[in-house]
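Only one structure is covered here, and it is reproduced in the block below.
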Amino acid sequence: MAYRHPEVLVETSWVSEHLNDKSIRIAEVDYDPTANYNLGHVPGAVLLDWKTDMNDPVRRDILSQTQLNELLSKAGLTQGMKLVLYGDFNNWFAAFAFWILNYYGIENVTLMNGGRKKWIAEDRPVAKDKPSYTQTSFKSKGPNENVRTYLDYVRQTLGQANKVLVDVRSPAEFTGSITAPPEYPNEHAQRGGHIPGAVNIPWSQAVKEDGTFKTEADLTKLYQNRGVTADKEVITYCRIGERSSFTWFVLKYLLGYPNVKNYDGSWTEWGNMVRNPIAKP
């Protein structure tokens, strides 16, 4: 069976065939552009730096709608363009950008299946120059609060049978034996553990070895076997909301779950709050 919303994915072969298509804008979203984008990227792709572009520089928050409009205007995006996102870490940060764009009502956005890893593995062309496009005046619609949730609401969901929390971090983070993923050992919370009642399904279990998404049947089995079903409201979380946006994408678009929210405050907020309940095995 095909994904419920196949329009949100494009293959590397499709991107290769549309490199000169003026109605397409390609963007690489990296955690570390020095080790990735700057060494070679899909020709014509602009860079969206996760650290400097997708987050507010002062508040602990995603970038504002005004900041997003400015960012996409600098990238030369127009209302009618299709925006193709891809990046490092098997599209981990590209999915985070997709979620932000969705939150602000931008709909004509896709992920390149397999991300940067697959493009490079297939020995497809790369460029080192940074493209420059005529600045536009892009205007987003949002925000769409149906895809995002916050601390107080998550507290209210604890123990409710019709809601399920999905902790997409590694098992070691979930149990509390470590307080940060190995990739970012200095970015941690005061306490280890997980939100009471959450199930642990690491985000990476949704992809195959080549970085592409698993089949619809395999994904359905992965989540339904753990009680994450379409009849429930699903809240995903991780450490700061990026890995959980990947699982949010899988559940909402590939499996078509009607009510999925990303709790981007995630463990760095929950685990640091005074008197917040936590669980450990």
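For the numbers below, each heavy atom of this structure counts, side chains included, while hydrogens, waters and symmetry mates do not. For the single chain, residues carry numbers from 1 onward in sequence order. This one's a predicted model, so the numbers in the text were calculated from it and none came from an experiment.
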How about K74: does its NZ atom have over 12 heavy atoms from other parts shown lying under 6.0 Å from it? no
Interatomic distance, NZ@K221 vs OG1@T215, rounded to 0.5 Å, equals 10.0 Å
Sequence neighbours excluded, the answer for salt bridge (Lys or Arg N to Asp or Glu O under 4.0 Å) partners of E7 is none
Looking at N144 and G105, would you say the former's side chain and the latter's main chain have a donor-acceptor pair under 3.5 Å?
no
For N276 and R155, which I'm curious about, is there any donor-acceptor pair between the side chains at under 3.5 Å? yes
If only atom types and distance count, is the side chain of Y257 paired as donor or acceptor with the main-chain N or O of V228 below 3.5 Å? yes
Residues 197-228 vs ring-ring contact (aromatic ring centres under 6.0 Å, His included), sequence neighbours excluded, gives W92-W203, W203-F246, F213-F246, F213-F249
Next on the checklist: Is it the case that the side chain of Y86 and the backbone of I26 share a donor-acceptor pair, with hydrogens and angles ignored and the cut-off at 3.5 Å?
Outcome noted: no
- Query: Can you tell me if K117 uses its side chain to pair, donor with acceptor, with the backbone of E209 under 3.5 Å?
  - Reply: yes
message: If we count only N and O atoms by modelled type, under 3.5 Å, do the side chains of E269 and Y237 hold a donor and an acceptor together?
response: no
Rounded to the nearest 0.5 Å, the CE atom of M54 sits from the CD1 atom of I100 at a distance of 4.0 Å
In the structure I gave you, are the side-chain heavy atoms of V8 and Y3 within less than 4.5 Å of one another anywhere? no
Hey, quick one: are I278 and I178 part of the same hydrophobic cluster, counting side-chain heavy atoms closer than 4.5 Å, chains of contacts allowed? no
### Query
Looking at side-chain heavy atoms only, is the closest gap between Y103 and D264 below 4.5 Å?
no
Original post:
Considering only heavy atoms from C-beta outward, does the side chain of Q67 approach that of P57 to under 4.5 Å?
Top reply: yes
Would you say the side chain of Y263 lies within less than 4.5 Å of the side chain of L165, judging by non-hydrogen atoms? no
With a 3.5 Å distance limit and no angle check, can you tell me whether W50 reaches the backbone of A94 through a side-chain donor-acceptor pair?
no
M112 and T110, any side-chain heavy atoms less than 4.5 Å apart | no
So, are D167 and R169 salt-bridged, with charged N and O less than 4.0 Å apart? yes
| message | Strictly distance-based, threshold 3.5 Å: is any side-chain N or O of S244 a donor or acceptor partner for the main-chain N or O of G241? | response | yes
Counting C-beta onward and ignoring hydrogens, is there a side-chain heavy-atom pair between I62 and W99 closer than 4.5 Å? yes
Determine yes or no for a side-chain-to-main-chain donor-acceptor pair under 3.5 angstrom, with T212 supplying the side chain and G114 the backbone. no
(Q) Less than 4.5 Å apart, side chain to side chain, heavy atoms only: is that true for P33 and H41? (A) no
Closest non-hydrogen atoms of K208 and K214, given as atom of the first, atom of the second and distance, are CG-CG, 3.8 Å
Does this structure show an ion pair linking D61 with R148, if we count only N-O contacts that are shorter than 4.0 Å?
yes
Notebook entry, point to check: Donor-acceptor pair, W267 side chain versus I195 backbone, under 3.5 Å?
Noted result: no
Requested in this report: For residues Q79 and K139, determine if any side-chain heavy atom of one lies less than 4.5 Å from a side-chain heavy atom of the other.
Outcome: yes
Query raised in the report: Is the count of non-hydrogen atoms from other residues, nucleotides or ligands lying under 6.0 Å from D129 atom CG greater than 12?
Result: yes
| Do N36 and D30 have side-chain atoms, one donor and one acceptor, less than 3.5 Å apart? | no
Parallel, tilted or perpendicular for F98 and W248, by the 30°/60° rule?
tilted
Checking S140 against N69: is there a side-chain donor and acceptor pair closer than 3.5 Å? yes
Flag, side chain of S177 to backbone of A172, donor-acceptor distance under 3.5 Å
yes
Do the side-chain N and O atoms of E216 and T220 include a donor-acceptor pair separated by under 3.5 angstrom? yes
Counting distance only, does the side-chain N/O of N90 pair as donor-acceptor with the main-chain N or O of G211 below 3.5 Å? no
Smallest heavy-atom separation, G44 atom then P131 atom, equals O-CG, 3.6 Å
